[in-house]
Each structure stands twice: as structure tokens, then as C-alpha cells.
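Structure record follows, encoded as C-alpha cells.
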Number of protein chains: 2
Amino acid sequence: MLTERQLLILQVIIDDFITTAQPVGSRSISKKDAITFSSATVRNEMADLEELGFIEKTHSSSGRIPSEKGYRFYVDHLLSPLRLSQQEVGTIRDAFTDKMMEFEQVVQKSAGILSELTNYTSIILGPEVFETKLKQLQIVPLNQQSAIAILVTNTGHVEHRAFNVPSEVSSSDLEKMVNILNSRLQGVPLIQLHEKLYKEIGDLLKAHTEQYDKAFAYLRAALVEEQPTKLYIGGKTNILMQPEFKDLDKVRSLYATIEKESEMADLLRSDDEGIRVRIGHENPFDAMQNCSLITASYRLGNDQIGTIALLGPTRMEYNRMFSLMNVLSKHMTSTFRGWY
Amino acid sequence: MLTERQLLILQVIIDDFITTAQPVGSRSISKKDAITFSSATVRNEMADLEELGFIEKTHSSSGRIPSEKGYRFYVDHLLSPLRLSQQEVGTIRDAFTDKMMEFEQVVQKSAGILSELTNYTSIILGPEVFETKLKQLQIVPLNQQSAIAILVTNTGHVEHRAFNVPSEVSSSDLEKMVNILNSRLQGVPLIQLHEKLYKEIGDLLKAHTEQYDKAFAYLRAALVEEQPTKLYIGGKTNILMQPEFKDLDKVRSLYATIEKESEMADLLRSDDEGIRVRIGHENPFDAMQNCSLITASYRLGNDQIGTIALLGPTRMEYNRMFSLMNVLSKHMTSTFRGWY
DNA sequence: TTTAGCACTCAAAGTAAACGAGTGCTAACA
DNA sequence: TGTTAGCACTCGTTTACTTTGAGTGCTAAA
């Protein structure tokens with residue numbers, strides 16, 4: 001168990017390192033107002049803290065930097081909740097006063113604000129498309145050979161795919177088919193669409209003419225094609241401004257990791273509600289081992305959950321980040337609540 | 001006017017520099033098979049070429065590098081058309097054998113391929129949305145307060161916007177309105193939509209009930225909101241692999257430039273058909289002064305033109321790039337031709 | 001006109017010294 | 001017994017100096 005004094009010193013070290021990115025020495029600690037004892041005492045305490053694994057040296061005669069264990073402890077126990085500045089709160093509030101009706105618009109803007117206010121990289125995961133339910137299916141014939149199928153979900157999400165129309169199929173045939181599909185599929189979760197289309201509707205349509213069948217085959221192929229959940233990334237280039245990423249190789253591999261959309265999505269999806277931090281090696285990807293990833297969830301309607309995340313170096317202003325993400329996720333949630 | 005020998009030397013210098021990124025010295029030139037005379041002779045010729053402005057020194061005793069004028073001359077007069085490798089052609093061909101029906105899909109894939117094959121950054125500008133014509137307008141009511149308006153254009157492009165529905169307006173009112181709008185607006189170029197909505201349709205609807213009027217106001221607001229032409233960027237991080245961008249400041253400002261979508265779009269849009277190169281200062285943006293931008297157009301249907309572009313350092317493999325972009329733009333054009 | 005030769009230039013790589021911010025340890029002190 | 005002043009030591013960083021080598025321009029001879 002750490003003593004009061006050790007806690008104090010650990011806090012000072014981490015706070016200092018977070019702002020300066022430089023190893024913190026005993027003398028500079030002892031000069032702090034909050035520290036009433038000498039640098040020699042600090043050194044003794046630091047030796048203990050190091051032995052306990054909370055801080056490290058970069059070389060034998062350097063000051064100390066927080067270890068991952070140190071950050072973890074800091075986040076779990078030492079974090080003083082920070083009041084956001086008037087300006088920060090204002091920026092977010094202003095952004096959300098514009099009447100926004102589009103999910104994408106809100107998310108894009110949120111990602112932008114988050115990365116702008118933090119100078120880190122923001123990643124926002126939309127809610128699972130497949131959990132939403134079909135509101136309406138529409139087909140717009142473009143010309144003899146092709147048409148566009150448009151899916152609208154109960155959440156207002158719109159997807160569209162072009163597909164081929166066999167020449168034997170008339171547009172009135174198409175229309176009839178759409179009517180049948182709509183009557184059968186309204187309210188069906190998208191995730192079940194595939195199955196329903198094969199099992200129930202296929203037979204139903206076979207009972208009608210051959211034309212339906214042909215058109216249906218194409219339409220089905222278009223609808224079944226799955227659309228991965230989208231990832232919105234903001235401030236990707238902010239990474240370049242962090243001193244820990246002056247090594248281009250690191251930047252490159254980090255970018256490569258972020259851009260693996262499906263894996264990133266899986267990672268973000270794995271979180272449940274609330275705010276969570278992954279520090280350094282707590283992240284599953286090699287390229288993120290000197291990064292921290294803060295994730296928070298937002299709600300879209302009742303049971304649909306999306307995730308906002310912030311990626312930066314382990315040396316992050318955790319308390320400010322927490323506050324910001326909290327505020328932002330609340331704004332997002334309440335914006336969406338208005339819709340559904 | 002340059003002599004044969006000067007042309008030869010200039011060509012060797014540029015070819016060499018393009019592959020090595022290192023200043024080229026007289027000795028290494030004289031060792032080339034194509035060069036039958038001594039390094040001293042080469043030095044004399046190089047002095048002349050430098051005086052003429054085609055090559056430069058990085059410092060007083062360095063080898064030569066091509067100047068922008070040199071590159072320009074090279075591109076205009078010295079470019080030996082390059083046969084693409086079997087593999088390159090294959091990669092492109094394979095990508096286009098998949099049946100693709102969506103404009104976005106084709107463009108995304110093209111941007112991906114281009115940046116992958118070149119290790120540069122590709123930028124693709126979609127054709128002007130506003131030149132396309134309205135095929136159909138659809139409205140899907142979501143709940144009491146909101147609905148989604150969906151525009152489908154003759155090119156198969158789909159846009160959608162959510163809008164508020166005043167509570168007095170019933171969904172059958174909406175339906176009627178859509179019918180009126182569709183009958184009046186089908187075939188109208190999107191660019192004129194705004195005007196038509198105000199001038200003609202407004203009056204028409206006013207002639208009907210007040211309900212229409214209210215709903216219409218919201219719908220109009222949603223439709224009029226303009227959607228900027230989209231820019232698809234591929235391989236943004238490839239920039240980091242170029243030795244000329246080991247300076248992070250440069251990378252950062254280049255990214256900042258690329259991300260100004262509207263300005264980039266204007267730049268790309270300004271080109272007419274065919275392939276064009278902007279070398280160094282021929283680019284309008286400061287951050288691109290040591291870059292070259294190659295642009296080529298593709299056609300979507302008959303009169304709609306989009307642009308594919310490739311951004312790299314001035315030291316680019318121009319001949320390979322030309323060939324690649326040629327092949328790619330042809331593939332894109334022919335894919336699209338099939339659709340419309 | 002070409003080329004061998006040579007003095008000269010300058011970035012880059014290597015070496016050495018000085019610096020200084022930091023440490024751990026010891027001994028004296030309250 | 002905990003705290004602190006003092007001191008020797010460590011090691012990364014900076015600076016200044018040297019060496020190296022790839023390159024040049026110029027001159028004079030072929």
C-alpha cells in the first residue's frame with residue numbers, strides 16, 4: 001500500500017510528465033508548492049515507487065516517467081475530475097445547437113470536435129446496422145437493365161444498392177414484387193433479412209410467375225451483400241503532432257492498424273457502457289503499445305449503442321479527456337433521443 | 001536548343017534521380033552503358049544544362065538534381081512510354097472483373113488500386129452531382145415528427161436527408177405532395193432544383209392547402225442544402241514513405257492542404273480531358289510546391305466527367321504513372337459506360 | 001573537342017571534450 | 001528513526017573539431 005506522500009509524488013510525476021513529456025527529476029518535484037520536503041527525500045520515495053513498478057527511468061541517471069502500471073493506478077485512483085473550460089463546453093454546445101437530422105452528420109461533427117479539442121485522433125463507431133429494422137424498401141428503376149434498391153431503417157439509416165434487372169422483367173412486375181416484400185419484411189431486423197429472404201419470401205414468390213423469381217434473384221443478391229459498420233475517424237494527422245510519434249515508422253504502423261476497419265470496429269464494439277481506458281499493452285495491437293485508447297458509449301434510441309474513442313499516446317490528459325468524452329457522448333445521446 | 005548529348009545526359013540524370021532520390025554525379029553518369037564519353041565531358045555538359053536551368057546543385061560540390069524546368073522538359077519531351085508489367089495490368093483487370101454496380105464502390109476501389117500500385121496518394125473526384133437529373137423523389141415517414149427524403153438521380157446516385165414533419169401534416173398529405181413534386185421535377189437537373197422549388201412549385205402548392213405549405217417548407221430546406229462533390233482519397237499515408245517527406249512539418253501541411261476538400265475539388269475540377277501534370281510550383285498550394293500532381297479524367301456516361309489524380313513528390317515515375325492512370329481511367333470509363 | 005589531372009568544396013560521419021540534469025549512497029542531524 | 005545535505009558517479013546532449021569522400025570547376029595536354 002502506498003503512503004500519502006508516495007501518492008502525492010506519483011501524482012506530481014504523472015501530472016508533470018503528461019504536460020511536458022519529459023522525465024521528471026527529484027529536484028523539480030521538490031520545488032513544487034505541494035511538496036514540503038527535500039529532493040533527497042523525494043529521491044528515496046521515488047526509488048520505492050520504482051521498485052513497486054509505478055515509475056521507470058529511461059536510463060540510469062534520468063528522471064522518472066510513469067510506467068503503464070503507474071498510469072493505470074493514476075487513472076483508477078488519482079484522477080481529479082477536471083472542470084472543463086467555458087470555451088470547451090461552449091464549442092461542444094454550439095456544435096449541437098445546429099439542428100442536425102442526419103446520423104452521419106452528427107457523428108462526423110462529433111469526431112471533428114473531439115479531435116479538435118483534444119489534438120488526438122478520434123474514432124467513432126456507428127451502431128450496428130443489422131440491429132435496426134427495415135422500415136421500407138423501395139426500388140427505383142433506372143433504365144432497362146438496372147435499378148436501385150433502397151432500404152430505409154427505423155433509425156432513418158438509408159442504404160442503397162444498384163442491381164441488374166433481367167430484361168424480361170417489367171417495371172410493373174418490379175413494383176408488385178416490392179409491394180410483396182414490403183408487406184412481408186417491414187419491421188424485420190436487417191440481420192434477419194438474409195434468412196427471411198431465403199426461407200419465406202423465396203417460396204412465396206416462386207408461387208408467382210417466373211419473372212418474379214428472376215428479378216428476385218438479382219435483388220436478393222444485392223440486399224444480402226453485407227455492409228460493414230462504419231468507422232468515422234477524425235484528426236488522423238494529429239498523431240503527427242505528438243512528440244512520441246516523431247518516429248515515422250511508428251506513425252506508419254499505427255495508421256496501418258487504425259485503417260484495418262473491421263478489427264478496429266471489433267475492438268470498439270467489445271466495450272459495454274461507460275468510459276473505459278486501455279493503456280499501452282492493454283491494447284491488443286502491437287502498434288498501439290505506446291498508446292492509450294479511451295472509449296465511451298453513446299446511445300442511439302433505446303438499445304442501440306455506438307462507441308466514441310480517442311487514441312493518443314499513453315501520456316494523455318486523462319481527466320480532461322474523460323470529461324470531454326462524457327459531455328460529448330451525452331450530447332450525442334440526447335440528440336439522438338430526440339429522433340426516435 | 002539542346003544537343004543530342006545534352007538530351008541524353010538530362011534523361012540519364014532524371015531517370016537516375018527518380019529511382020535513387022540522390023543527386024547524380026558526373027562519374028556515375030559516365031559509367032552508364034549509354035554514355036561513351038568521360039566524366040569530364042559530362043561535367044562540361046552538366047554545367048551548360050545547369051546554366052540553362054534544367055538541373056541544379058544542392059550545394060556547391062554536389063551532384064545534380066533535376067529542376068522543375070527539367071522535369072517539365074522531361075515530361076513534355078523525354079518521356080519514353082512504358083509498358084506496364086503483366087502484374088500491374090493484371091491487378092487492375094482483376095479489380096474490374098468483379099461485377100460492380102455502385103459508383104462509390106468503383107471509385108473507392110480505383111483509388112485503392114492506384115495508391116497501392118504507385119505508393120503515392122490518389123485522389124478521385126466524383127462527377128458533379130448537380131449536373132445529374134432527378135429520377136425520383138421518395139419520402140419515407142419515420143415517425144410522427146420526421147421523415148427521410150430520398151433523391152435518386154438518373155446516374156443512380158442516391159442522396160437522402162432527414163427533415164422535420166409538422167405534426168399537422170399527415171402521411172397521406174406527404175404522399176400527395178411527393179406525387180406532385182415527382183410529376184413536376186422528374187428530369188430536372190439537380191442544379192436547377194433549388195430554383196424550380198422556389199419559383200414554380202411553391203406557387204403550385206400554395207394553391208393547395210396550408211398543410212402542404214408547411215410540410216413543403218421543411219422539405220425544401222432539406223433538399224436545398226447543398227452537398228459538396230465528394231473526394232475519395234486513397235493511400236494518404238503513402239506520403240510518409242517518400243524520403244522527401246521525412247520532415248514532419250511538410251507532411252502536416254500537405255495533409256492540411258489535401259483535407260481542404262472544396263479547394264482540392266476546385267483544383268481537380270479545373271482540368272479538362274486527358275492527362276495533365278502539375279509540377280512543383282505549378283501547383284497552386286504552398287504545401288504542394290515540392291509535389292507533382294497528375295490528373296486524368298474519366299467519363300461517367302456521356303457528358304459527366306470526373307477526375308482521378310495522383311499526388312507524389314516531384315521526383316515521380318512519370319511514365320509509369322501515365323500508363324497506369326491511362327489504363328485505370330479507361331477501365332473506369334468503360335465500367336460506367338455499361339451502366340448508362 | 002575531349003579528357004586527364006588537380007585543387008577545391010562541402011555535407012556527412014566520426015571523435016572528443018564539456019556540460020548538466022539526474023541519480024544513489026552516506027553520514028550527520030532533529 | 002525519518003529527513004536532509006553533500007558528493008561521487010552516470011549518461012544523454014551539445015558543441016567543436018577532424019576526417020572522409022563524392023563531387024565540382026578549371027587548366028592544360030592530347
Side-chain angles (χ1 to χ4, degrees), chain A residues 1-10 12-17 19-67 70 243-244 246-247, chain B residues 1-10 12-17 19-67 70 243-244 246-247:
Chain A
M1 194 47 207
L2 296 180
T3 66
E4 276 301 309
R5 196 162 69 184
Q6 286 173 326
L7 290 177
L8 179 60
I9 291 175
L10 182 56
V12 169
I13 291 174
I14 300 186
D15 283 341
D16 208 63
F17 185 72
T19 57
T20 66
Q22 295 299 322
V24 188
S26 56
R27 221 176 104 74
S28 73
I29 293 176
S30 73
K31 272 192 270 183
K32 292 266 146 91
D33 285 346
I35 306 292
T36 56
F37 34 91
S38 77
S39 64
T41 309
V42 173
R43 279 202 290 283
N44 288 332
E45 297 287 23
M46 288 206 295
D48 291 349
L49 283 171
E50 182 170 7
E51 202 167 349
L52 291 167
F54 293 105
I55 54 180
E56 316 173 322
K57 290 188 276 196
T58 59
H59 60 87
S60 73
S61 71
S62 78
R64 303 304 209 290
I65 62 172
S67 67
E244 22 275 284
K246 58 183 190 298
D247 176 5
Chain B
M1 194 47 209
L2 297 180
T3 65
E4 275 302 309
R5 196 163 68 184
Q6 285 172 327
L7 289 178
L8 178 59
I9 291 175
L10 181 57
V12 169
I13 291 174
I14 300 186
D15 284 340
D16 208 64
F17 185 72
T19 58
T20 66
Q22 295 301 320
V24 187
S26 57
R27 225 178 99 76
S28 73
I29 294 176
S30 73
K31 272 193 268 184
K32 293 265 146 93
D33 285 347
I35 306 293
T36 55
F37 34 91
S38 78
S39 64
T41 310
V42 174
R43 278 201 291 284
N44 289 331
E45 297 287 23
M46 289 207 295
D48 292 348
L49 283 172
E50 181 170 7
E51 201 166 352
L52 291 167
F54 293 104
I55 54 181
E56 316 172 324
K57 288 188 279 196
T58 59
H59 60 87
S60 72
S61 70
S62 77
R64 303 306 208 292
I65 62 172
S67 66
E244 22 275 283
K246 58 182 188 301
D247 176 4

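Just so we're on the same page: letters track the sequence lines, and every chain starts at 1. No experiment lies behind these values; they were computed from the predicted model shown.
- OP1 and OP2 of D:dA22 both lie 4.0 Å or more from every side-chain N or O belonging to B:Arg43.
- The phosphate of D:dG2 (OP1 or OP2) has no side-chain N or O of A:Thr41 nearer than 4.0 angstrom.
- Spacing between atom CD of B:Gln6 and atom P of C:dT1 amounts to 12 Å, rounded to whole angstrom units.
- Atom CZ in A:Arg27 sits roughly 14 Å away from atom C1' in C:dT23 (whole-Å rounding).
- Of the possible polar contacts, none joining the A:Ser28 side chain to the A:Val24 backbone as a donor-acceptor pair under 3.5 Å is found.
- Counting non-hydrogen atoms of other residues, nucleotides and ligands closer than 6.0 Å to NZ of B:Lys32 gives a total above 12.
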Could you go through the salt bridge (Lys or Arg N to Asp or Glu O under 4.0 Å) check for A:Glu56 and A:Arg64 one step at a time? CA-CA 5 Å; A:Glu56 316 173 322; A:Arg64 303 304 209 290; over 6 Å; no
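- Atom CD1 of A:Ile9 is separated from atom CD1 of A:Ile29 by 6.5 Å, given to the nearest 0.5 angstrom.
- Of the listed nucleotides (D:dG12, D:dG25, C:dA11), D:dG25 has the atom at the smallest distance from the side chain of B:Glu50.
- Between the CG atom of A:Asp48 and the C1' atom of D:dT3 there is a distance of 14 Å, rounded to whole Å.
- Contact check, B:Ser60 against C:dC10: a side-chain N or O comes under 4.0 Å of OP1 or OP2.
- Distance, B:Ile65 CD1 to C:dA11 C1': 14 Å, rounded to whole Å.
- Distance A:Asn44 CG to C:dA27 C1': 13 Å, rounded to the nearest Å.
- More than 12 heavy atoms of other residues, nucleotides or ligands sit less than 6.0 Å from atom CZ of B:Arg5.
- Under 4.0 angstrom from either OP1 or OP2 of C:dT23 there lies at least one side-chain N or O belonging to A:Ser26.
- For A:Lys57, a side-chain nitrogen or oxygen approaches OP1 or OP2 of C:dG24 to under 4.0 Å.
- Contact annotation: side chain of B:Ser61 to base of C:dT9, donor-acceptor pair present below 3.5 Å.
- Counting to the nearest Å, the P atom of C:dA21 and the CD atom of A:Gln22 are 12 Å from each other.
- In this structure, B:Arg64 reaches the D:dT24 phosphate: one of its side-chain N or O atoms is under 4.0 Å from OP1 or OP2.
- Nearest-nucleotide assignment on DNA chain C puts the 5′-proximal partner with B:Glu45, out of B:His59 and B:Glu45.
- Taking atom CZ of residue A:Phe17 and atom C1' of nucleotide C:dA21, one finds them 16 Å apart after rounding to whole Å.
- Between B:Met46 atom CE and D:dG25 atom C1' the separation is 11 Å, expressed in whole Å.
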